[in-house]
Structure formats: C-alpha cells, structure tokens
Amino acid sequence: MTEHIVVVGHGMVSHRFVSTLGTRYADADVAVTVIGEEADPAYDRVGLSAYVGAWERDALHLDDARHSADPRVTVRSGRLVTAIDTGARRVELDSGEYVDYDTLVLATGSRAFVPPVPGHDLPGCHVYRTLDDLDAIRAAAERAGAGAHGVVIGGGLLGIEAANALSLLGLVPHVVERNDRLMPVQVDGRGGALLGDLIRDRGIDVHLSVTDTVIEESAAGGADDAGGDTADAAGGGAGSASGDAGLRVALTSDDGETDVVDAALVVFSVGVRPRDELARAAGIAVAERGGVLTDRACRTSDPHVYAIGECAAIEGTCYGLVGPGYTSAEVAAGQITGDAGTEFTGADLATKLKLMGVDVASFGDAHGRTPDCLEVVVDDPVARTYSKLVLSDDALTLLGGVFVGDAGPYQLLKPLLGRTLPSSTPLALITPGAAADSGVGVDSLPDDAQICSCNAVTKGDLREAICEGACDVPALKACTRAGTSCGSCLPLMRQVLEAEGVEQSTALCEHFDQSRSELFEIVTVTGIRTFSGLIGRFGRGTGCDICKPTVASILASTSSDHVLDGEQAALQDTNDHFLANIQKNGTYSVVPRMPGGEVTAEQLIVIGEIARDHDLYVKVTGGQRIDLFGARVEELPAIWRRLVEAGMESGHAYGKSLRTVKSCVGTSWCRYGQQDSVAMAVLLETRYRGLRAPHKIKMAVSGCARECAEARGKDVGVIATENGWNLYVGGNGGATPRHAQLLAGDLTDDQLIRYIDRTVMFYVRTAERLQRMAPWLEALEGGLDHLREVVCDDSLGLAAELEGRMEAHVAGYVDEWAAVLDDPDKLARFVSFVNAPEAPDPTVRFEQRDGRKVPVLLGSPAMPVRS
C-alpha cells in the first residue's frame with residue numbers, strides 16, 4: 001500500500017529528504033506532498049548573499065528544485081500549513097483545505113530572531129533570512145539613496161554577510177555586536193580582533209560591546225552629515241519625496257558611551273529560533289529551549305511525525321548548520337522507508353567561509369575550553385593572519401583550531417580532529433613554508449576521516465567510489481554528493497583521486513581532449529590559424545566560452561595577427577573584442593601605455609583634453625599609468641585617435657598580456673640608484689608590449705635593493721645590483737600573493753633580456769588556461785630549479801627557439817588601436833546598436849558625486865558618498 005508522506009517546509013533540508021527518497025529509496029512505494037510557505041521552491045539559503053547584485057532567484061534554486069524527475073512527488077509552493085491534526089493525521093492549509101498523511105515530516109526550519117529592543121518593529125527594520133527579505137532591503141536601500149547608512153544588529157556570520165549586502169547596495173554599513181569581537185561563537189579574542197580590523201578595512205563600521213540599543217523614528221533618513229546630500233537619480237534620498245522617515249539608532253557600550261547613527265534601515269541578524277509552533281499547538285513535545293524534540297531516529301513524540309533540519313531538537317539539541325540538517329534528512333528518509341539502521345550520530349560544527357574576501361575557519365574546541373589543553377598560535381600582524389591549534393596536554397591530539405586571514409591548513413587539519421597528529425612539531429602545521437614538511441597530507445588521513453562535512457562523506461567513501469569507477473571529481477560528486485554543497489572540499493577530493501593513482505584529465509574542455517599547452521604545440525607545428533580549422537581537425541562540436549578565448553589567445557601568442565582579424569574576432573571576450581576594459585555600467589575604460597611611467601607634458605595635456613571633452617573620470621593607476629573611465633563604445637575610436645596622434649598607444653589593460661613594467665627613478669634622480677631602472681623598464685615594456693599569454697603579466701624594475709618598484713611582487717621582477725641585475729620570477733599570484741624567487745643574479749643587460757625572453761616564452765608555451773606565472777611555477781615539475789636549468793643552462797635545447805619566437809613578436813608588433821583606426825571593417829564594430837550606429841546606449845547613466853563622475857546602474861543605487 002502506498003504510504004502518503006507530507007513534508008511541511010521546502011528548504012534545503014526538505015529538498016535533501018525528498019531527493020534521498022528519489023535516489024537511495026527509489027523503489028519505495030510512497031507518494032510525497034511537499035508544502036512550502038515561500039513562493040520559490042527549494043533554494044540555496046547558504047548562498048543567499050549571492051542574490052545581491054544578480055537579483056536572479058532561479059540562480060539559487062537547487063537542482064530539480066520541484067523534484068519533477070520523481071513522479072511520486074508533488075510540490076505546492078506559496079502555501080502555509082496552519083494546523084496539524086495528529087488524530088486524523090491531516091494538516092490544514094491557509095486556503096482552508098486539508099491534506100491527509102500517513103507520515104508527517106516537519107522541515108519548517110528557523111525564523112530570524114528579533115530582540116525586543118525599543119523600536120524593533122518600526123518601518124525600516126528588516127531581517128536577513130529569505131529572498132523576499134533581501135528584496136525588501138533592496139527596495140529600502142534604493143529609496144534611501146547611495147551614501148545613506150544602514151545598521152546591522154548582530155556581528156556573527158550572517159550579520160557580516162548582511163553588512164556586505166548593504167555595502168553592495170551603496171549604503172554605509174554599521175555592524176553592532178554585544179560581545180567584544182565579531183563571530184564570537186567561531187573565533188577567539190585575537191582572531192576576532194583581527195577579523196574586526198579586516199572588516200573595517202572594507203568600509204564597514206564595527207561597534208563592539210554594545211549592551212543597549214534603542215531605535216527611534218527620525219526625519220534624517222540615514223544621511224551622513226559629513227557626506228553631503230544623499231539624493232540621487234536612482235530614487236531620491238531617504239526622508240525626501242519617497243516619504244521614508246529614517247531611523248535614529250542609539251548604541252550604548254559597556255563603558256557607558258553612546259553612539260548615534262542616523263540610518264535608512266536596520267537589519268536584525270542576531271540568530272535564529274526553531275519554528276516549532278505547529279508542533280506545540282498540536283501537542284507534540286518540544287525541547288526546553290525550543291525545537292521539536294526527537295530521538296536519534298528523528299522521530300517525535302508522535303510516532304507518525306518526524307522533524308528534520310533546524311526545527312528539530314535531536315535529543316534536545318538544535319543544529320543550525322546545513323551539514324547536520326542533511327544528515328537528519330537522510331536519517332528520516334531511511335527510517336520511514338524501513339531502513340531502521342540509520343540514526344543521527346552527531347554533527348560536525350566546523351565552519352569555513354570567506355567573508356568579504358576574508359578567510360575565516362574554526363573547528364573543534366576553538367576556544368581552548370578543554371582542561372589542561374595547549375594552544376599553539378602563529379599571529380602575524382604584517383601578513384594580517386592568525387592561526388591557532390588547540391592540542392591535548394601531551395601535544396599529540398588535535399582538539400580544535402581557528403584561522404583568520406588565511407585558512408589554507410584548515411581543510412587537511414579538520415579531518416584529524418580528535419586524532420593523533422602525524423607531525424611531532426605542531427607549529428609546523430600552521431607556519432607558512434614549514435607546512436609542506438609537516439607530514440600532514442591526504443595520505444595521512446584515515447578512511448573514516450570526513451572529507452565533506454556538509455554531506456558526511458569520508459575518505460573511505462571516496463576511495464570506494466573510485467574503486468567502482470569514479471575517475472574524476474564530477475563522477476565522485478555524482479556518486480557520493482561530496483562537493484555538492486559549499487564546495488570547500490573539492491581540492492581534497494582531487495588529492496584523494498591522485499593518491500589513489502587516478503590520472504586526472506588535462507583536457508581543456510569537453511570540445512578538446514588536449515590541454516592548453518598541447519594545443520599550443522599543435523598550433524605551432526601544424527600552422528593552423530583558425531578556431532574552426534583547429535576544432536574540425538583536433539576537437540569536436542562548436543566550442544564554448546572556455547576553449548574559444550583560449551584558442552584565440554594561442555593564435556595571438558603565435559603570430560602578430562590582429563586579434564580582430566577574420567574569424568578570430570568572434571572568439572574574444574568582451575574586453576578583447578572592444579580593446580578596452582568593460583565597467584559595471586557597460587561603459588569602457590581606456591588606458592594608454594606609459595612605458596616605465598614616463599609621459600610628456602604634451603601627452604598629459606592631450607589626456608586631460610580627452611577627459612574633459614568626453615566627460616571621463618580620470619584615475620592614476622597602481623601601475624604608473626592614467627585610466628580614463630566612462631567611455632561609451634562608440635566613443636572609443638575617437639579617443640584612441642587623439643591618443644595615437646599624441647604618440648601614445650594601447651596599454652593592453654584589457655588583455656591577457658603584458659600590462660605594465662613599473663619602475664622607480666633609479667640613477668636618473670635617486671641618490672641610492674645603482675642602475676638606470678627607468679631606461680630598463682622602458683626597454684622591457686616596449687619589448688614585451690602586446691604579447692598574449694595565458695594570463696596577464698606584470699613586471700617591475702627597482703634601481704636598488706630598497707625595492708621602491710616592488711619588483712618581488714610581480715610576475716617578473718628586476719632589481720639592480722652594483723654588478724648588474726638580479727632577475728626574480730613567479731611573484732604576484734593574483735588572489736594568492738607570492739614573493740618572486742631569484743632566478744639569476746648580477747646579469748648584464750644582454751643576459752637579462754635573453755633570460756626574460758626565455759622565461760616568458762616558456763611560460764606562454766607551457767602554462768595552462770588562465771594560469772598566472774606564480775601557480776605555473778609552483779606546478780612546474782622541478783619548480784624553480786628546473787626553470788633555471790631551462791632558462792640559464794638551456795637543458796632542453798629550447799633557448800634559440802624561445803628567443804626566436806620573442807624576436808618574431810617584437811618585429812611583428814603593431815598597435816591594436818592604430819590598426820583598428822586604419823581598418824573600416826574593424827571600426828564598424830564600435831557601435832552600441834548596429835541598426836542605429838550614432839545612437840548612444842540609453843541605459844548608460846552617470847551622476848556627479850563629490851566632484852567625480854560615477855555610474856548609475858538601472859535598478860541599483862549609485863556609488864556611496866565619501867566623507
């Protein structure tokens with residue numbers, strides 16, 4: 001007989017319950033009705049902040065959100081269950097109808113807790129919990145206008161995410177926390193202090209140790225007195241014609257001091273409370289501190305009712321993380337379908353996240369509360385990182401840890417929680433540079449070590465799947481669900497594959513089985529000069545957004561053909577297609593080349609006149625150049641023409657190519673200079689300009705060891721010595737900063753040029769798609785020593801070929817801007833509308849803020865006012 005299951009709630013845990021029925025228990029004779037209060041089907045609430053800016057609800061929906069692949073399942077969204085009749089075994093909906101059940105599963109989740117502070121229920125107060133909540137916050141922010149202030153009550157994980165959302169909406173955020181640090185549950189005092197500093201650096205005001213909060217209505221509308229008028233073209237200022245009154249928030253700290261913030265809105269993010277009201281009203285037992293009380297089988301006091309996820313108090317404990325929620329969903333699915341062996345055995349409460357670009361992680365006894373425990377700490381105020389391990393009193397067993405600023409060791413250390421460490425020197429586990437020799441790696445993890453905490457997948461589960469034929473990460477994800485939630489375990493999954501001897505595919509994409517470096521060799525040997533010719537002979541299909549720009553880069557790296565010639569033009573991404581950097585409102589920025597930072601007075605005058613005549617925003621870049629922002633696509637050729645006539649050319653700020661060669665003043669002016677760094681920087685930038693590569697390349701030349709050009713922070717760095725030049729390679733690293741390493745020292749000018757030629761061309765030839773020079777060098781077999789052998793000793797016999805390719809590039813270089821100006825067919829591309837070449841794009845709008853031109857996005861507030 002078919003068992004009728006009703007699931008109340010349709011969030012992530014409910015979705016996991018129903019999905020488990022559809023996969024693990026696909027043969028069960030059940031009919032499932034899912035009733036969700038929100039209009040949306042199940043969506044990724046963990047990734048809620050990703051909704052801000054994109055505003056695409058569908059993008060957050062979980063795979064098969066309505067379970068259309070399972071005919072046994074019916075989903076009813078936008079319906080509220082108002083009562084449970086346990087005697088009749090039916091639920092009542094807000095529509096007045098009833099739905100019968102044999103088994104009821106409560107997956108009602110939690111509600112945002114709003115503390116009863118004075119004024120908490122005023123208009124302008126919000127919570128940060130659902131997509132509808134974010135829509136309401138967005139609408140309030142748009143009415144207030146950019147530069148208005150927003151207050152977030154709560155300095156935990158969601159509070160910081162909410163503050164980031166306000167910042168993205170153009171508001172000035174304030175975070176209020178009653179404790180003495182942010183994220184007090186996850187991090188300790190020093191880690192919280194560093195986190196607070198890093199968050200403040202990102203433009204968020206942090207108020208700590210706040211013991212009393214009072215919210216009152218105010219006509220100020222959230223404007224900052226020091227910031228000027230907040231009215232904008234997007235929707236008027238708060239307290240203006242929109243009619244919003246604004247709020248005055250008084251914050252009193254434990255020292256008796258009171259800060260007052262005039263805010264446009266207040267967001268409460270101080271935690272959640274389990275939604276157990278249906279169970280309470282129906283006479284189902286609830287825990288002392290709230291939550292539907294269940295046993296380890298997730299069964300409530302009514303044997304026909306189960307509770308899972310955040311609403312469940314399993315043996316009296318509520319778990320507010322998705323991992324334990326998923327476990328409870330799978331336990332309930334097993335129990336209901338007769339798999340009585342499934343039980344809830346505990347929860348991994350470890351946390352790893354990136355808050356506004358700041359890594360934070362904690363696990364186990366992060367606060368060192370275990371009696372007689374030891375704490376090993378590395379606190380680096382220069383690098384702004386903090387790491388702590390909590391160990392047993394004999395320093396052998398790992399009890400917990402905290403990481404702020406760099407959570408790199410977390411993934412390998414967390415599975416060792418409660419186990420004996422393989423390293424006799426725990427400090428090496430968290431000390432940069434020593435960690436590689438600490439003995440901790442995926443090989444040291446036992447089979448029962450959990451790799452994916454969200455889905456409770458162990459190393460043994462992964463190994464079993466590999467033995468059954470899962471030979472890559474997608475296959476492992478499909479078999480085990482590891483890596484399908486937050487994704488932080490994906491690197492470890494790849495390491496498990498490698499440890500099991502599974503060779504990882506280096507295919508560029510589904511259309512080419514070859515890697516980028518292999519395709520580079522194919523193009524070089526065959527002389528194929530079109531994408532269609534390459535994919536027709538060595539690939540399949542029509543290509544994608546991975547292989548098309550990659551092949552375009554290879555074709556550009558192996559010839560001096562213009563990137564917009566023929567078929568190649570259609571392969572380029574937007575920046576290369578228009579030879580300019582696209583900005584957030586659809587306009588472009590123009591960066592003329594200034595080798596070594598040198599520019600004549602006449603050229604500066606021309607740049608100023610162009611900025612004035614085209615009403616562009618002007619900014620000096622970090623690479624000794626000037627950037628002109630706000631150019632419409634149809635204006636680009638006219639701007640380029642004036643720059644070219646002034647003797648300037650494309651700075652390739654838009655390309656995966658050489659960007660800049662930064663320099664100090666060297667012997668030209670500096671009393672410490674040992675070599676002419678400016679002349680060398682000009683020579684290098686002129687030589688390598690326009691060279692297409694797997695990723696952008698930045699260089700620098702310092703005239704002495706004082707390193708004013710910061711050469712060791714570049715892909716290629718040159719530092720003058722008394723005897724010549726030291727050459728450093730593999731710095732920068734993009735999102736993961738690196739110091740460049742010394743390749744060769746005391747080089748003559750000629751030696752330096754030849755070694756850079758060889759290094760750069762070897763990188764262009766062998767690196768993978770979008771691989772910067774630092775990770776390329778790290779991944780290169782033999783590392784720096786091998787590169788030194790290739791470049792300095794010519795161990796592969798490639799020196800002449802690499803130098804020859806660079807000479808060919810230098811000889812064939814043509815300025816891309818000038819080439820467009822000389823070609824009517826290429827010029828015809830630079831219009832907003834093909835059918836109305838002279839018409840500007842009406843969606844592009846600007847406004848003046850503090851005397852600067854800034855973009856206004858349709859449907860979004862303008863940039864914040866600076867005080």
Side-chain angles (χ1 to χ4, degrees), residues 549-550 552-565 568-569 571-583 588-599 603 607 619-629 631 633 636-637 639-641 643-644 646-663 681-701 714-716 732 734 756-757 760-761 763-764 767 770 772-773 805-806 808-823 826 829-830:
T550 300
S553 173
I554 292 172
L555 294 174
S557 298
T558 51
S559 80
S560 297
D561 297 340
H562 197 283
V563 295
L564 300 183
D565 278 343
Q568 195 169 332
L571 306 178
Q572 310 294 342
D573 62 19
T574 301
N575 283 356
D576 279 310
H577 192 81
F578 291 110
L579 308 182
N581 276 16
I582 192 168
Q583 303 302 315
Y588 293 83
S589 72
V590 178
V591 185
R593 187 171 298 285
M594 296 179 180
E598 288 188 329
V599 61
Q603 289 171 336
I607 290 172
K619 186 180 187 302
V620 177
T621 75
Q624 297 178 322
R625 306 200 290 192
I626 294 176
D627 205 340
L628 304 171
F629 289 86
V633 64
L636 292 175
I639 293 171
W640 296 341
R641 190 175 300 280
L643 291 171
V644 170
M648 307 186 79
E649 63 183 25
S650 167
H652 284 92
Y654 48 83
K656 296 294 185 285
S657 57
L658 177 76
R659 293 294 179 88
T660 64
V661 182
K662 188 176 181 179
S663 76
V682 172
L683 189 156
L684 296 180
E685 188 159 345
T686 304
R687 183 172 183 80
Y688 304 121
R689 59 187 173 179
L691 177 67
R692 299 287 168 152
H695 212 297
K696 59 188 173 187
I697 301 173
K698 295 183 179 181
M699 301 184 183
V701 183
K714 305 299 182 185
D715 301 277
V716 176
N732 196 340
I756 296 178
D757 281 358
V760 171
M761 286 308 301
Y763 161 68
V764 169
L770 299 180
R772 295 202 70 157
M773 190 173 285
R805 288 190 178 280
M806 188 62 77
H809 161 74
V810 174
Y813 170 78
V814 175
D815 175 33
E816 290 175 353
W817 288 351
V820 169
L821 298 174
D822 292 337
D823 188 330
K826 292 186 178 70
R829 300 178 185 276
F830 292 88

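Gln603 places a side-chain N or O within donor-acceptor distance of the main-chain N or O of Ala646, the cut-off being under 3.5 Å. Within the 3.5 Å criterion, the main-chain N or O of Val682 finds a donor-acceptor partner in the side chain of Thr686. Distance alone, capped at 3.5 Å, places no donor-acceptor pair between the His562 side chain and the Ala819 backbone. The main-chain N or O of Ala653 is found under 3.5 Å from a side-chain atom of Arg659 such that the two form a donor-acceptor pair.
Considering only heavy atoms from C-beta on, Leu658 comes within 4.5 Å of Met699 through its side chain. At least one side-chain heavy atom of Leu821 sits less than 4.5 Å from a side-chain heavy atom of Pro637. Annotation: side chain of Asp565 is in contact with side chain of Lys826 (closest heavy-atom distance under 4.5 Å). The shortest distance between side-chain heavy atoms of Val760 and Ile697 falls below 4.5 Å. The closest side-chain heavy-atom distance from Thr660 to Arg625 is below 4.5 Å. The shortest side-chain heavy-atom distance between Val716 and Tyr688 does not fall under the 4.5 Å cut-off.
Listed by chain and residue number, nothing satisfies the side-chain contact (heavy atoms from CB on, under 4.5 Å) test with Asp822 (two or more places apart in sequence, or in another chain). For His652, the ring pair (Phe, Tyr, Trp, His ring centres under 6.0 Å) test picks out Tyr654, with sequence neighbours left out. Under the side-chain contact (heavy atoms from CB on, under 4.5 Å) criterion, Ala681 pairs with Val661, Ser663, Val701, not counting sequence neighbours.
Between Ala808 and Ser560, the closest heavy-atom pair is O-OG, 3.9 Å. When every heavy atom of Pro694 is checked against every heavy atom of Val764, the shortest pair comes out as CD-CA, 3.9 Å. Gly622 and Lys662 get closest at one heavy-atom pair: O-NZ, 3.8 Å. Nearest heavy atom pair, residue Tyr813 against residue Gly690, reads CE1-CA, 4.1 Å. When all heavy atoms of Leu636 and Ala631 are compared, the pair lying nearest together is CD2-CB, 4.0 Å. Ile582 and Asn575 make their closest contact through N-OD1, 2.9 Å (heavy atoms, listed as atom of the first residue, atom of the second, distance).
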Run the side-chain contact (heavy atoms from CB on, under 4.5 Å) check on Ile626 and Met594 step by step: do they pass?
CA-CA 8 Å; Ile626 294 176; Met594 296 179 180; 3.8 Å; yes
Can Val820 and Leu564 be said to form a side-chain contact (heavy atoms from CB on, under 4.5 Å), step by step?
CA-CA 8 Å; Val820 169; Leu564 300 183; 4.2 Å; yes
Take Asp757 and Arg687 through the salt bridge (Lys or Arg N to Asp or Glu O under 4.0 Å) test and state the conclusion after the steps.
CA-CA 9 Å; Asp757 281 358; Arg687 183 172 183 80; 2.7 Å; yes
Taking it one step at a time, do Asp715 and Lys696 satisfy salt bridge (Lys or Arg N to Asp or Glu O under 4.0 Å)?
CA-CA 9 Å; Asp715 301 277; Lys696 59 188 173 187; over 6 Å; no
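Taken to the nearest 0.5 Å, the CE atom of Met648 stands 8.0 Å off from the CH2 atom of Trp817. Separating the CZ atom in Phe578 from the CZ atom in Phe830 is a distance of 6.5 Å, to the nearest 0.5 Å. The CG atom of Leu579 sits 10.5 Å away from atom OH of Tyr588, with the distance rounded to the nearest 0.5 Å. To the nearest 0.5 Å, the span separating CG on Leu555 from CG on Asp561 amounts to 8.5 Å. Expressed to the nearest 0.5 Å, how far CZ of Arg805 lies from CE of Met761 amounts to 6.0 Å. One distance of note links CG of Asp627 with OG of Ser589; it measures 4.0 Å at 0.5 Å rounding.
Glu685 and Lys698 are not joined by a salt bridge, as no carboxylate oxygen comes within less than 4.0 angstrom of a charged side-chain nitrogen. Taking 4.0 Å as the cut-off between side-chain N and carboxylate O, Asp815 and Arg689 do not count as a salt-bridged pair. With respect to the salt-bridge test (charged N to carboxylate O, under 4.0 angstrom), the residues Asp576 and Arg692 qualify.
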